[in-house]
Amino acid sequence: MNDINKRLQDEKNKISERLEEKRESVRAMRERIKKRNKRTVQIISLIAVLLVLAVATVASIPLVKAFGSQDGLDALQEQLASYKGIWGAVVFVLIQALQVVIAVIPPIQIVGGLLFGWFIGGILSFGGTVLGTLCIFILVKRFGRPLVEAFVNEKHLTKYKFLQDERKLTIILMILYLIPGIPKDVISYIVPLTKIKRRDFFMYVMPCRLPSIMMSTVLGSNVGDGNLRVAIGIVIAAAVIGIVGFIFKEPLLAKLGRRKKSS
């Protein structure tokens, strides 16, 4: 009997070892797929960023030359005025959408205020932000977590893990999107993995991006009009708001994380 039990135990151990080897193999394969997907997305993103930078560099050469003379400045003003048409607005919206999808591109809302005025520039910036976020939603729903892991580092995925099963998720996201210093574009990649409905997100959460967008376009508009005092005041106000957001951001995230664990 003891021999039979020993053989059975040995067989169980062998089966367990084989299962563990298979699990390790599956984990290793998933890790390879994850790295491959991340590398592919990074290459595509790098190419897109380099193309944008190349276009921006070529486009900025006349801008640099224009500052050398009064005639150049007059020509520059006429050129800026030409961008205020429908095609200029369309291109700006697409660039703004690209900025949301590829978060390494600097925010361009200030340029929107400079070219189109604070109100129209704000509306166009918000439209581009909504378009870019919608593209992220569609891509994440299609490709799932591997796409998110390609764009978002593990630190952010861990920090915002509480969003996965938060009951009052819409309200929490509205608060997060209103706080300066919170990486909204990063969260936009994580949100499609949560339980929030797309309709609720775009109806209630996305409008919370308007205050920061409008502040940027107001700044750009005043810079374009030569109202440097107002522009400096906006920069100071933004800095103060940013400092306050920086101070309260981490305690709030820590509190939300503890709340998730306790629930």
Side-chain angles (χ1 to χ4, degrees), residues 44-45 48-49 51-53 55-56 59-60 79-142 147-148 151-152 169-171 173-194 196-225 231 234 238 241-242 245:
I44 295 173
S45 301
V49 170
L51 287 174
V52 171
L53 290 176
V55 172
S60 65
Q79 187 68 27
L80 289 176
S82 69
Y83 291 147
K84 296 181 181 180
I86 182 65
W87 287 113
V90 170
V91 171
F92 177 79
V93 169
L94 293 177
I95 293 175
Q96 175 65 81
L98 184 63
Q99 186 268 318
V100 174
V101 176
I102 306 176
V104 296
I105 299 177
I108 63 166
Q109 292 92 343
I110 296 176
V111 178
L114 179 65
L115 294 179
F116 304 100
W118 72 270
F119 182 74
I120 299 299
I123 296 301
L124 293 175
S125 293
F126 181 68
T129 301
V130 172
L131 177 61
T133 307
L134 180 61
C135 290
I136 291 174
F137 255 78
I138 294 173
L139 290 171
V140 173
K141 291 296 185 184
R142 172 65 179 83
L147 178 69
V148 178
F151 276 97
V152 181
L169 183 55
T170 301
I171 296 176
L173 285 171
M174 290 173 66
I175 295 172
L176 291 178
Y177 271 68
L178 285 170
I179 297 176
I182 296 290
K184 281 82 171 179
D185 294 335
V186 170
I187 295 180
S188 295
Y189 274 93
I190 299 174
V191 167
L193 298 176
T194 68
I196 192 171
K197 295 180 179 178
R198 185 183 302 180
R199 179 196 61 192
D200 292 341
F201 178 78
F202 283 96
M203 185 178 295
Y204 302 114
V205 180
M206 282 303 296
C208 294
R209 300 199 68 165
L210 275 171
S212 62
I213 289 175
M214 286 301 182
M215 178 174 284
S216 298
T217 56
V218 168
L219 173 61
S221 178
N222 280 278
V223 170
D225 294 338
I234 294 173
I241 295 173

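The closest side-chain heavy-atom distance from Arg198 to Leu134 is below 4.5 Å. In this structure the side chain of Gln109 reaches within 4.5 angstrom of the side chain of Gln96, judged on heavy atoms.
Among residues at least two apart or in separate chains, there is no side-chain hydrogen bond (donor to acceptor under 3.5 Å, both in side chains) pair with a member in residues 130-141. Applying the salt bridge (charged side-chain N to carboxylate O under 4.0 Å, His left out) test to every pair with at least one member in residues 205-224, sequence neighbours left out, gives these pairs: Asp185-Arg209. Counting only residues at least two apart or in different chains, salt bridge (charged side-chain N to carboxylate O under 4.0 Å, His left out) contacts with residues 121-134 are absent.
Listed by chain and number, the residues in a side chain to side chain contact (heavy atoms under 4.5 Å, CB included) with Ser212 amount to none (sequence neighbours excluded). Partners of Val140 under the side chain to side chain contact (heavy atoms under 4.5 Å, CB included) rule, at least two apart in sequence or in another chain, are Ile136, Leu147, Val148, Tyr189, Pro192, Leu193. Evaluation of the side-chain hydrogen bond (donor to acceptor under 3.5 Å, both in side chains) rule for Ser216 yields no partner, not counting sequence neighbours. Partners of Phe202 by ring pair (Phe, Tyr, Trp, His ring centres under 6.0 Å), not counting sequence neighbours, listed by chain and number: Phe137. The side chain to side chain contact (heavy atoms under 4.5 Å, CB included) check on Arg199 picks up Lys197, Met203, with sequence neighbours excluded.
In this structure, CG in Leu173 is found 6.5 Å from OG1 in Thr194, a value given to the nearest 0.5 Å. Rounding to the nearest 0.5 Å gives a distance of 12.0 Å between CD1 of Ile138 and CZ of Arg142. Here Ile171 contributes atom CD1 and Asp200 contributes atom CG; the two are 11.0 Å apart, rounded to the nearest 0.5 Å. Summarising the geometry, atom CD1 belonging to Ile196 is positioned 3.5 Å from atom OG1 belonging to Thr170; distances are rounded to the nearest 0.5 Å.
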Identify each donor-acceptor pair in which a side-chain atom of residues 174-181 lies under 3.5 Å from a protein atom, sequence neighbours left out, and give them as a table.
residue : atom : partner : partner atom : Å
Tyr177  : OH   : Ser188  : OG           : 3.1

Name each donor-acceptor pair under 3.5 Å that joins a side chain in residues 113-126 to protein atoms two or more places apart or in another chain, with its distance.
residue : atom : partner : partner atom : Å
Ser125  : OG   : Gly121  : O            : 2.9

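The heavy-atom pair separating Pro211 from Cys208 by the smallest distance is CD-O, 3.4 Å. Nearest heavy atoms, Cys135 versus Val101: CB-CG2, 4.3 Å.
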Given the rule in the side chain to side chain contact (heavy atoms under 4.5 Å, CB included) test, do Leu131 and Leu94 qualify, once you have shown the distances and angles that lead to the verdict? CA-CA 8 Å; Leu131 177 61; Leu94 293 177; 4.2 Å; yes
